[in-house]
*Asks:* 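Quick one: the structure is below, questions incoming.
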Amino acid sequence: MRGRSLMPSSFSFPTCLLLFALLSPLLLTAQMRPTDAEGHQWWQHAVFYEIYPRSFADSNNDGVGDLNGITSKMGYLRDLGVDAIWITPCYPSPQVDFGYDISDYRNIDPMYGTLSDFDHMVAEGKKHDVRIILDFVPNHTSDQHPWFLDSKSSRNAPHRDWYIWRDGKGPGQPPNNWISLFGGSAWKFDSTTNQYYYHYFYAQQPDLNWRNPAVEKVMLDTTRWWYKRGVAGFRLDAVDTLFEDPELKDNPVLPGRNAQGDPNMENKYNTNFPEVHTELQKLRKVADESDAVLIGETWTSNVAQLDRYYGEGGNELQMPMDFMFTTVNKLSPPDFRSQIAAVNSAHGWPVFVISNHDIVRSYNRYGDGKNNDAIAKLMGAFYLTLRGTPIMYYGEEIGMENNDPTRQEDVKDPIGRTGWPKEKGRDGERTPMQWNGSTNAGFSRKDPWLPVPSSYKTHNVATESKDPNSVLSLYKKVLALRHTNEALLEGNYVALNQDDPNIMSYLRSYKGKAVLVALNMSAAPQKAAFDLSQQGFPKATLKSLIASQAATVGGGQISLEPFGLLIAEVAQ
Ligand code: GLC
């Protein structure tokens, strides 16, 4: 296991001791969380927070968020209990896919600021003990990237082979039947050279050819360049799509059509190639030079696939996200139990998310329309107390809801325009952060790029900060506990009362200390008793640490109101 190196290796041992004596009070307060008694690394104790930069904080009131906006909120993030922020792409981009179409990997889009604003953000992050994670998009660039402009200019261009160009099968016929995730053929004809280029996503996002060593080299060097600039890691975008079958075999067609009207297809010949793992190992080697962390956008359909992303002996991604957890779309203890058991059976550290910029917000997915705040608290108490690292999505902590467009002409996300009305796109989960109850939720004085939902009047940082029973207050309490309680930091996970269909409960225990979490996932009051003798606590009594308003503990049992929660210390 690699630890966080605090000392330059060239110092002699006595010098180190002296330096440590002088610096340790500073280090302890500024950097270190409770000790890594189990050899856990910083990212295993950290809480990550995803920021969609267009929508987080707008420092210059132009209606779009920016880096200086993020920097101005470091105090808020620290106070909330966030240790690292993952910022979705903020590089120069024509913004067809809102930043996921990059035209320069080593700069900042002027809409978001400059490289010196970036450096300032890193420095302020350091002061607040908040690390910066950037989004790395290895699969494709923008069609406006200079590499692609050169590539398409002639069949002999220096960058021709940096992308995937092929002849069509015949006049007007693409090379094969592959479908773009965002609709239509995955091939676009370019009349300059009379060939098609491949794009798994939008046509404005041509796929890079990772079989070309020059592509690999420049991409690895780019990650190194950012690490040197102070980035603590990357979230790797769409890693499963890096390689395609060199023979371009047709994909098997499945019954039915998708929201875009295209035939359903098994992406057998354009995703999940073994070469992906070779590249992840190389990206990891570079990350290890800087003690950085790699998070994966790893959509998998079973735990064996997820397990593969950790790599042999842990040589690929430290943090592949378990998206199978997000597919449990109802409050179902049995389903959650089996998903947690599955991810725990993999050979790496679990990574939990409940929403992101591509998924409908958890507030809507789990909410029943009447008890949404209680359910939001329940979900917060749940995934923030599991064994693993959580990645929050901005706004989740205040119970932000989706604000889906109601008219096609208002849609900004292209898949929402082409897929309307079946697919409304992802605008709804990307609306501006709700800071207070003033116009535009205090995000911007100008009308923001996406409208805020009317619930911003009650669900905002300023209002919820004053309410001890708000979703925000619950998140803060749970995050504070998570950072200080040894059982939550280091403990194992044991599912309890596994036959209970209503209360999801588990024990986190470590060296004779334990925390019990009980979550009523039903709309009726529920009671439960726990026998913890098997877990080494034969005479356990429970002492409430964090609880919903009507939760009670006593007489050997707990009682929870509908969607109530209890986090309790186990005392012997
Ligand atoms: C990832 C991103 C998504 C983007 C796509 C193409 O799935 O999360 O937002 O559209 O990659 O880059």
Side-chain angles (χ1 to χ4, degrees), residues 48-56 85-105 109 133-145 148 163 178-184 186 188 198-208 210 219 234-244 258-260 267 270-272 276 294-301 309 317 319-324 326-327 351 353-361 391-394 402 411-419 423-431 449-450:
F48 287 67
Y49 184 95
E50 177 190 352
I51 289 181
Y52 203 66
R54 294 180 78 86
S55 292
F56 192 61
I85 51 174
W86 147 35
I87 304 172
T88 63
C90 52
Y91 318 100
S93 160
Q95 304 288 328
V96 172
D97 192 17
F98 301 112
Y100 282 97
D101 46 323
I102 298 170
S103 54
D104 180 357
Y105 283 84
D109 194 295
I133 306 290
L134 286 186
D135 209 315
F136 191 58
V137 185
N139 179 66
H140 47 269
T141 68
S142 159
D143 64 347
Q144 300 306 309
H145 195 293
F148 188 73
Y163 295 85
W178 297 352
I179 291 294
S180 154
L181 183 74
F182 289 160
K188 179 152 182 190
Y198 173 63
H199 58 93
Y200 184 83
F201 297 97
Y202 293 123
Q204 295 90 338
Q205 295 168 299
D207 272 49
L208 283 163
W210 273 79
M219 296 305 262
F234 281 103
R235 174 266 192 186
L236 302 180
D237 183 65
V239 284
D240 54 331
T241 60
L242 280 195
F243 286 86
E244 301 76 28
N258 63 22
Q260 306 286 338
N267 287 333
N270 57 344
T271 59
N272 282 321
V276 165
L294 294 179
I295 305 170
E297 190 203 11
T298 39
W299 288 96
T300 59
S301 38
Y309 280 113
L317 305 177
M319 291 178 57
M321 295 187 226
D322 173 16
F323 284 115
M324 291 173 286
T326 67
T327 64
V351 179
V353 286
I354 58 172
S355 332
N356 75 17
H357 64 286
D358 297 323
I359 310 177
V360 172
R361 281 189 176 272
I391 306 182
M392 299 167 59
Y393 185 45
Y394 81 94
N402 254 66
V411 178
K412 299 275 193 310
D413 184 14
I415 51 167
R417 288 203 298 271
T418 52
E423 166 65 70
K424 293 194 167 71
R426 298 162 291 181
D427 295 352
E429 54 261 32
R430 298 172 173 181
T431 57
W449 75 289
L450 287 174

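Counting convention: from 1, in listed order, for ligands and their atoms alike.
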*Asks:* Could you point out which residue of Tyr163, Trp178, Trp210 forms a ring pair (Phe, Tyr, Trp, His ring centres under 6.0 Å) with Tyr198?
*Replies:* Trp178
*Asks:* Hey, are Tyr202 and Asp143 close enough side-chain-wise for a donor-acceptor pair under 3.5 Å?
*Replies:* no
*Asks:* Is the closest side-chain heavy-atom distance between Asp135 and Ile87 below 4.5 Å?
*Replies:* no
*Asks:* Checking a contact table here: which protein heavy atom is nearest atom 9 (O) of ligand 1, and how many Å away?
*Replies:* Asp358 OD1, 2.8 Å
*Asks:* For ligand 1, which atoms have a heavy atom of His140 less than 4.0 angstrom away?
*Replies:* 6 (C), 12 (O)
*Asks:* Just to verify, which of Asn356, Val411, Ile359, Asp358 counts as forming a side chain to side chain contact (heavy atoms under 4.5 Å, CB included) with Arg426?
*Replies:* Asp358
*Asks:* In the protein, what heavy atom is nearest to atom 7 (O) of ligand 1, and what distance, to one decimal place, separates them?
*Replies:* Glu297 OE2, 2.7 Å
*Asks:* Can you tell me how far the CG atom of Leu450 sits from the CD atom of Glu429, to the nearest 0.5 Å?
*Replies:* 10.0 Å
*Asks:* Do Trp86 and Tyr393 pass the ring-ring contact (aromatic ring centres under 6.0 Å, His included) test, and can you show the C-alpha distance, the side-chain angles, and the key distance before you say yes or no?
*Replies:* CA-CA 9 Å; Trp86 147 35; Tyr393 185 45; 8.1 Å; no
*Asks:* Of the protein's non-hydrogen atoms, which lies at the shortest distance from atom 4 (C) of ligand 1, and what is that distance?
*Replies:* Asp97 OD2, 3.2 Å
*Asks:* Would you please determine whether Glu50 falls within less than 4.0 Å of ligand 1 on a heavy-atom basis?
*Replies:* no
*Asks:* What protein heavy atom sits nearest atom 2 (C) of ligand 1, and how far away is it?
*Replies:* Asp237 OD1, 3.1 Å
*Asks:* Does Phe182 come within less than 4.0 Å of ligand 1, judged by its heavy atoms?
*Replies:* yes
*Asks:* Test His140 against Tyr200 for ring-ring contact (aromatic ring centres under 6.0 Å, His included), laying out the working first.
*Replies:* CA-CA 8 Å; His140 47 269; Tyr200 184 83; 8.6 Å; no
*Asks:* Any atoms of ligand 1 less than 4.0 Å from a non-hydrogen atom of Arg426? List them with their elements.
*Replies:* 3 (C), 4 (C), 9 (O), 10 (O)
*Asks:* With a cut-off of 4.0 Å, which atoms of ligand 1 are near a heavy atom of His357?
*Replies:* 2 (C), 3 (C), 8 (O), 9 (O)
*Asks:* Which ligand 1 atoms, with their elements, are less than 4.0 angstrom from a heavy-atom of Arg430?
*Replies:* 9 (O)
